[in-house]
**Q** 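The structure that follows is given in the form of structure tokens.
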Amino acid sequence: MPRLTIIHTNDLHSHFEHWPKLSRYIATTRAAALARGEGVLVVDDGDAMDRVHPLSEATDGQANVDLFNAAGYDAATIGNNEGIGNPHDTLAHLYDHATFPVALANLFEADGTRPVFAKPVVYRTVAGIRVAIIGFTAPYFDSYRPNGWSVRPVADILPGLLADIRGSYDVLVVLSHLGLPTDRYLATHYPQLDVIIGGHTHHLLPTGETDQHTLLAAAGKYGEHVGVVTVDVAAHAVTAMRAATVAVADLPEEAEDAATIAGYQARGTALLAAEPVADLPQALTIDNDGPSPLLTAGLAAIAAGGHTDLAALNAGLFLGDLPAGVVTKADLHRVLPHPMHLMVTTLPGTELWRLVMEMEKNKGFLRHFHFTGMSFRGKQFGWLDYRGLTVANNRDVYVDGEPLVPNRLYRLTSLDHYLFLPFFPTLEIVGDNELLFPDFLRTVVGRWLAAQYPLK
């Protein structure tokens with residue numbers, strides 16, 4: 001009976017510390033399956049690239065693609081880190097040299113055409129088994145749009161696609177960078193789907209999950225696990241499916257692994273360090289418990305970047321000080337590794353007052369609040385401070401020293417990150433928010449530092 005083995009990864013997020021073991025496992029598992037006469041596919045479910053690693057940052061993700069090429073991946077889709085963590089042109093050319101196709105059905109150019117690199121369906125035939133692979137990225141409408149893309153809901157794409165490809169495959173696989181709740185919905189409402197390989201919510205399904213006919217599989221996050229799905233096929237129909245995951249930590253280590261991992265870090269850091277940005281006459285230090293020079297500089301930088309007089313920013317974004325002397329892109333990446341963009345919010349004085357009250361109410365709690373995700377790559381939120389705003393008597397808000405005018409419109413620059421947090425609901429409820437792409441926070445800070453402290 002023909003058998004298909006699918007080796008899958010998801011949400012690697014440039015955790016190259018697991019790559020030597022993981023890539024060896026892919027090679028040995030594929031070789032063993034081929035020796036048994038099985039068909040083999042190696043696929044990735046997106047968020048493989050994360051600019052938190054200096055090598056991904058320095059090479060615009062080309063290093064990630066090179067590793068996938070060397071490992072012999074057969075298909076991949078993109079996650080939000082590839083989709084909105086890259087400028088439009090960077091994503092458009094990310095896979096120019098990929099030896100694998102990108103299955104991506106719900107991303108379009110602003111004019112409605114499909115990106116050159118994306119295929120709505122990828123077909124593979126292995127061991128006589130016809131496999132169709134469909135890919136979806138998380139439809140973050142507000143973030144894809146200002147980056148020059150149009151992303152569509154799965155419901156707008158999948159029904160027509162299923163009708164178009166009916167009869168052209170033996171096994172239908174979905175690479176779903178949509179999250180476990182959506183995967184379960186798809187399994188319930190689209191029984192044509194044989195295998196859904198999931199990600200985005202970093203969920204681990206050690207032995208998979210079955211909903212009627214559909215098998216859900218996922219391998220957690222960061223390359224800590226790798227997944228294997230086996231599918232038995234007879235007379236062009238699936239007869240049995242199984243899912244398993246393997247902990248990469250339990251795989252054998254080789255003597256050169258540590259040097260290889262260190263080499264990834266060193267190469268990326270060296271490439272970034274070769275690009276000077278500014279020359280500081282004195283160190284800019286950060287303090288998570290109160291105002292500090294680096295936070296003040298950051299506030300000035302984002303206000304300039306957003307062309308506003310008002311700004312708000314938290315100290316926990318800065319993961320260290322900037323020393324006196326030449327600042328390079330390596331320094332900026334070390335201090336600000338987050339894939340965050342500026343956000344300009346326009347709102348009337350009454351709502352600005354409410355927003356400031358939300359910030360004041362939560363800032364004591366947030367100062368030492370530890371959290372992960374939502375683009376944050378640090379440890380704690382830290383001190384929240386303002387530019388152009390002061391608060392007196394706990395309730396009186398002043399703008400540039402003058403009392404806030406209730407019916408006047410104000411513009412404030414902060415971060416798109418704040419829109420996704422539960423602490424400042426006024427931003428989402430009444431704010432007219434403009435996300436500024438493609439520059440990251442570190443790029444904006446670097447540009448301001450270059451203007452204030454030019455290289456000699």
Side-chain angles (χ1 to χ4, degrees), residues 1-11 33 38-46 74-75 77 79 103-106 120-139 152-220 225-246:
M1 177 181 297
R3 173 171 291 178
L4 169 67
T5 295
I6 305 172
I7 306 167
H8 61 93
T9 54
N10 63 274
D11 296 283
E38 299 172 8
V40 182
L41 293 174
V42 182
V43 300
D44 182 77
D45 190 56
D74 295 287
T77 194
L104 183 56
N106 66 326
V121 185
V122 168
Y123 289 99
R124 285 284 188 259
T125 299
V126 289
I129 301 171
R130 302 173 303 164
V131 185
I133 304 170
I134 301 173
F136 292 108
T137 189
R152 299 180 188 173
V154 175
D156 288 359
I157 303 294
L158 186 55
L161 201 53
L162 291 175
D164 291 342
I165 68 173
R166 185 184 295 117
S168 66
Y169 58 85
D170 304 323
V171 181
L172 178 55
V173 177
V174 173
L175 299 180
S176 166
H177 198 83
L178 302 168
L180 183 56
T182 302
D183 292 351
R184 287 170 172 161
Y185 178 91
L186 294 177
T188 299
H189 292 83
Y190 299 95
Q192 307 97 312
L193 309 181
D194 295 309
V195 181
I196 299 176
I197 293 174
H200 185 50
T201 45
H202 295 187
H203 53 287
L204 175 67
L205 300 177
T207 57
E209 182 177 299
T210 302
D211 186 327
Q212 300 179 80
H213 168 75
T214 305
L215 175 67
L216 279 66
H225 293 80
V226 58
V228 180
V229 170
T230 56
V231 183
D232 293 332
V233 179
H236 301 294
V238 172
T239 59
M241 295 184 289
R242 293 160 297 282
T245 56
V246 175

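For this chain, numbers begin at 1 and follow the sequence in order.
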**Q** Go through it in stages, so that I can follow the logic: the residues are L158 and I134, the test is side chain to side chain contact (heavy atoms under 4.5 Å, CB included), and I'd like the CA-CA distance, side-chain angles, deciding distance and then a yes or no.
**A** CA-CA 9 Å; L158 186 55; I134 301 173; 4.2 Å; yes

**Q** For the CD atom of E209 and the OG1 atom of T214, what is their distance to the nearest 0.5 Å?
**A** 11.0 Å

**Q** Evaluate side chain to side chain contact (heavy atoms under 4.5 Å, CB included) for D232 paired with T230, printing each intermediate quantity in order.
**A** CA-CA 7 Å; D232 293 332; T230 56; 5.6 Å; no

**Q** Calculate, to the nearest 0.5 Å, the distance between atoms OG1 and CZ belonging to T239 and R3 respectively.
**A**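 T239 OG1 to R3 CZ: 9.0 Å, rounded to 0.5 Å.
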
**Q** If you round to the nearest 0.5 Å, how far is CD1 of I197 from CG of L175?
**A**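 It is 5.5 Å, given to the nearest 0.5 Å.
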
**Q** Where the side chain of D194 meets the backbone of L172, is there a donor-acceptor pair that is under 3.5 Å apart?
**A**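 Yes; at least one donor-acceptor contact below 3.5 Å.
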
**Q** Let me see the working for M241 and V171 under side chain to side chain contact (heavy atoms under 4.5 Å, CB included), right down to the final yes or no.
**A** CA-CA 11 Å; M241 295 184 289; V171 181; over 6 Å; no

**Q** Between A33 and V40, which heavy-atom pair has the shortest distance, and what is it?
**A**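 That closest heavy-atom pairing would be CB-CG2, 3.4 Å.
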
**Q** Tell me if a side-chain donor or acceptor on H8 pairs with a main-chain N or O of V43 at a distance below 3.5 Å.
**A**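 No: the side chain of H8 does not pair with the backbone of V43.
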
**Q** Using modelled atom types only, decide if a donor and an acceptor are shared between the side chain of T77 and the backbone of A103 within a distance under 3.5 Å.
**A**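 Confirmed, T77 side chain pairs with A103 backbone.
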
**Q** Let's go through D170 and V238 carefully: what are the C-alpha distance in whole Å and the side-chain angles of both, what is the deciding distance for side chain to side chain contact (heavy atoms under 4.5 Å, CB included) to 0.1 Å, and is it a yes or a no?
**A** CA-CA 7 Å; D170 304 323; V238 172; over 6 Å; no

**Q** Using every non-hydrogen atom in the two residues, find where I133 and A75 come nearest and quote the distance to one decimal.
**A**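 Here I133 and A75 meet closest at CD1-CB, 4.0 Å.
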
**Q** Measure the spacing between CG of L193 and CG of L186 and express it to the nearest 0.5 Å.
**A** 6.5 Å

**Q** Quick check against the 3.5 Å criterion: does N10 have a side-chain atom that pairs as donor or acceptor with the backbone of G220?
**A**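 Yes.
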
**Q** Taking all heavy atoms of A217 and all of A243, pick out the closest pair and write down the distance.
**A**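 So the two residues come closest at CB-CB, 4.3 Å.
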
**Q** So, taking the atom named CD1 in I129 and the one named NE2 in H236, what distance separates them when rounded to the nearest 0.5 Å?
**A**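 So the CD1 of I129 and the NE2 of H236 are separated by 10.5 Å.
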
**Q** Do T188 and D211 get their side chains close enough for a donor-acceptor pair, meaning under 3.5 Å?
**A** yes

**Q** Using a 6.0 Å cut-off, check whether atom OH of Y190 has over 12 heavy atoms from anything other than its own residue.
**A**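 Yes, enclosed.
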
**Q** Of all the heavy-atom pairs spanning L178 and P139, show the shortest one and how long it is.
**A** CD2-CD, 3.9 Å

**Q** What are the two closest non-hydrogen atoms of R242 and A240, and how far apart are they?
**A** NH1-CB, 3.7 Å

**Q** Checking the side chain of N106 only, and the main-chain atoms of R152 only, is there a donor and an acceptor separated by less than 3.5 Å?
**A**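 Present.
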
**Q** Scan side-chain atoms only and decide if H200 and D11 contain a donor-acceptor pair under the 3.5 Å cut-off.
**A** no

**Q** Working to the nearest 0.5 Å, report the span between CD1 of I157 and CG of L162.
**A**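 It comes to 11.5 Å.
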
**Q** Considering non-hydrogen atoms only, spot the tightest contact between L205 and L216 and give its length.
**A** CD1-O, 3.8 Å

